[in-house]
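Below: the structure, in structure tokens.
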Amino acid sequence: MQEKLISEFPETLSVRKSIDGILAFNCNKNVLLRVASRLRDEYEFQVLTDLASIDMGVDAGNSRFGAVYHFYSHTKKMYVRVVAMCDSSESPTLPSLCSVYKGADWLEREAYDLMGIVFEGHPSLRRILMWDGYPYHPLRKDFPLAGKEAPLPPTFEGNEDATSVIPAPEEGGPFHSPNTGVRFASEREPRSVEGGLETIDNI
């Protein structure tokens with residue numbers, strides 16, 4: 001499957017390194033819709049199980065934002081991962097997969113709401129967690145833990161005291177993720193410095 005799929009998109013699809021054994025590809029956003037259609041129709045990946053938006057940081061330039069897609073085949077009992085990056089950090093866009101996978105609807109709305117990625121062709125792209133008119137995207141790496149002051153929606157009338165957010169104390173923090181010497185994703189979860197990162201790094 002890997003070689004055949006790449007041969008169909010030789011200039012826009014490439015194998016992506018995967019530490020968990022899932023077949024993974026880097027995909028140019030311009031062919032993402034076609035690749036998703038091929039996965040469904042030709043390779044029997046019937047379900048889009050997950051879409052995770054990613055932020056590579058403010059220093060990543062135009063390669064800052066993107067999305068990781070996980071597709072699942074009920075017949076083959078396997079997953080495939082596809083990563084597509086936006087080509088602009090100022091106005092990040094990706095094509096909507098709603099026409100191929102109906103389950104993309106809410107997943108894309110969440111990524112739009114919290115990361116600010118616009119999914120072109122989505123039938124009703126609007127916020128799903130934050131209110132209409134909220135000016136920020138809380139999952140971006142430069143968004144502070146304490147939040148930002150913003151006008152509340154009309155439904156908050158009479159609750160003006162809720163405009164201030166007191167950040168919860170980082171008990172045991174600050175927290176860090178080990179980046180070497182781990183084999184499983186669960187071992188990369190952030191741990192308290194007091195818990196001993198040196199021990200974690202030597203797992």
Side-chain angles (χ1 to χ4, degrees), residues 1-57 59-125 128 137 139-141 177 179-180 182-189:
M1 170 188 165
Q2 175 178 299
E3 293 78 8
K4 184 179 179 183
L5 187 59
I6 289 180
S7 69
E8 296 178 34
F9 305 92
E11 302 297 327
T12 51
L13 195 68
S14 62
V15 175
R16 182 181 179 88
K17 184 179 179 181
S18 172
I19 64 173
D20 56 8
I22 294 178
L23 184 61
F25 299 93
N26 292 311
C27 180
N28 185 292
K29 60 172 275 189
N30 295 325
V31 297
L32 179 61
L33 195 58
R34 291 169 54 201
V35 169
S37 297
R38 294 295 287 169
L39 287 173
R40 183 195 63 185
D41 300 336
E42 181 69 21
Y43 298 98
E44 300 178 339
F45 284 86
Q46 298 94 347
V47 182
L48 171 64
T49 61
D50 184 43
L51 185 167
S53 57
I54 52 177
D55 178 357
M56 302 303 291
D59 296 328
N62 284 332
S63 299
R64 177 177 177 181
F65 299 109
V68 181
Y69 301 81
H70 286 98
F71 303 90
Y72 184 71
S73 171
H74 291 291
T75 52
K76 298 180 179 180
K77 308 299 182 188
M78 65 177 290
Y79 287 93
V80 65
R81 177 183 299 127
V82 176
V83 179
M85 301 302 294
C86 307
D87 51 19
S88 169
S89 61
E90 297 298 322
S91 301
T93 63
L94 288 171
S96 173
L97 297 189
C98 287
S99 62
V100 183
Y101 293 96
K102 291 184 178 179
D105 190 335
W106 282 23
L107 299 175
E108 291 177 354
R109 284 180 59 191
E110 181 183 36
Y112 164 71
D113 187 356
L114 301 182
M115 194 67 79
I117 298 173
V118 173
F119 291 87
E120 297 175 328
H122 190 287
S124 182
L125 191 62
I128 195 170
H137 304 288
L139 278 188
R140 291 189 174 186
K141 287 187 174 180
S177 298
N179 54 13
T180 59
V182 297
R183 294 180 57 199
F184 303 104
S186 61
E187 295 169 353
R188 295 197 303 273
E189 291 296 319

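Here the side chains of Val31 and Leu13 are not in contact, with every heavy-atom distance at 4.5 Å or above. Annotation: side chain of Arg34 is not in contact with side chain of Thr12 (no heavy-atom distance under 4.5 Å). Two residues are said to be in side-chain contact when any heavy atoms from C-beta on lie closer than 4.5 Å; Leu125 and Val118 meet this criterion. The shortest distance between side-chain heavy atoms of Arg16 and Val82 does not fall below 4.5 Å. Between Lys29 and Pro95 the shortest side-chain heavy-atom distance falls below 4.5 Å. The side-chain heavy atoms of Leu39 and Leu5, taken from C-beta on, include a pair separated by under 4.5 Å. The shortest side-chain heavy-atom distance between Ile6 and Phe25 falls under the 4.5 Å cut-off. Using a 4.5 Å heavy-atom cutoff, the side chains of Arg140 and Phe65 are in contact.
Within 6.0 Å of NZ in Lys102 there are 12 or fewer heavy atoms belonging to other residues, nucleotides or ligands. Within a 6.0 Å sphere centred on CE of Met1, heavy atoms belonging to other residues, nucleotides or ligands number more than 12.
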Exercise for review: Start with the C-alpha gap between Arg38 and Phe9, add the side-chain angles, then the distance that decides, and say whether side chain to side chain contact (heavy atoms under 4.5 Å, CB included) holds.
Suggested key: CA-CA 11 Å; Arg38 294 295 287 169; Phe9 305 92; 3.9 Å; yes
Practice item. Might you work through the side chain to side chain contact (heavy atoms under 4.5 Å, CB included) test for Val83 and Val68, ending with a clear yes or no? Key: CA-CA 5 Å; Val83 179; Val68 181; 4.0 Å; yes
Review point. For Ser99 and Leu33, what are the C-alpha separation, side-chain angles and deciding distance, and is it a side chain to side chain contact (heavy atoms under 4.5 Å, CB included)?
Key: CA-CA 9 Å; Ser99 62; Leu33 195 58; 3.8 Å; yes
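Among all heavy-atom pairs drawn from Pro92 and Gly116, the shortest one is CG-O, 3.5 Å. Between Tyr69 and Phe119, the shortest heavy-atom contact is OH-CE2, 3.7 Å. Between Arg81 and Ser18, the shortest heavy-atom distance links the atoms NH1-OG, 3.4 Å. Of all heavy-atom pairs spanning Gly121 and Ser96, the tightest one is C-CB, 3.8 Å. When all heavy atoms are compared, the tightest approach of Ser63 to Met85 is O-CE, 3.2 Å. Minimum interatomic distance between Ile54 and Ala67 (heavy atoms only, all atoms of both residues): CG1-N, 3.9 Å.
Under the side-chain contact (heavy atoms from CB on, under 4.5 Å) criterion, Thr49 pairs with Val47, His70, Tyr72, Tyr79, sequence neighbours left out. Applying the salt bridge (charged side-chain N to carboxylate O under 4.0 Å, His left out) criterion to Asp59, with sequence neighbours excluded, gives no partner residue. Residues satisfying the side-chain contact (heavy atoms from CB on, under 4.5 Å) criterion with Gln46, sequence neighbours excluded, are Glu44, Ser73, His74, Thr75.
The ring of Phe71 has its center no closer than 6.0 angstrom to the ring center of Tyr43.
To the nearest 0.5 Å, the span separating OG on Ser88 from CG on Asn62 amounts to 5.5 Å. Phe45 contributes atom CZ, which lies 4.0 Å from atom CE of Met78 (distance to the nearest 0.5 angstrom).
Among Leu97, Ile117, Leu48, Leu94, the one residue that satisfies the side chain to side chain contact (heavy atoms under 4.5 Å, CB included) test with Glu108 is Leu97.
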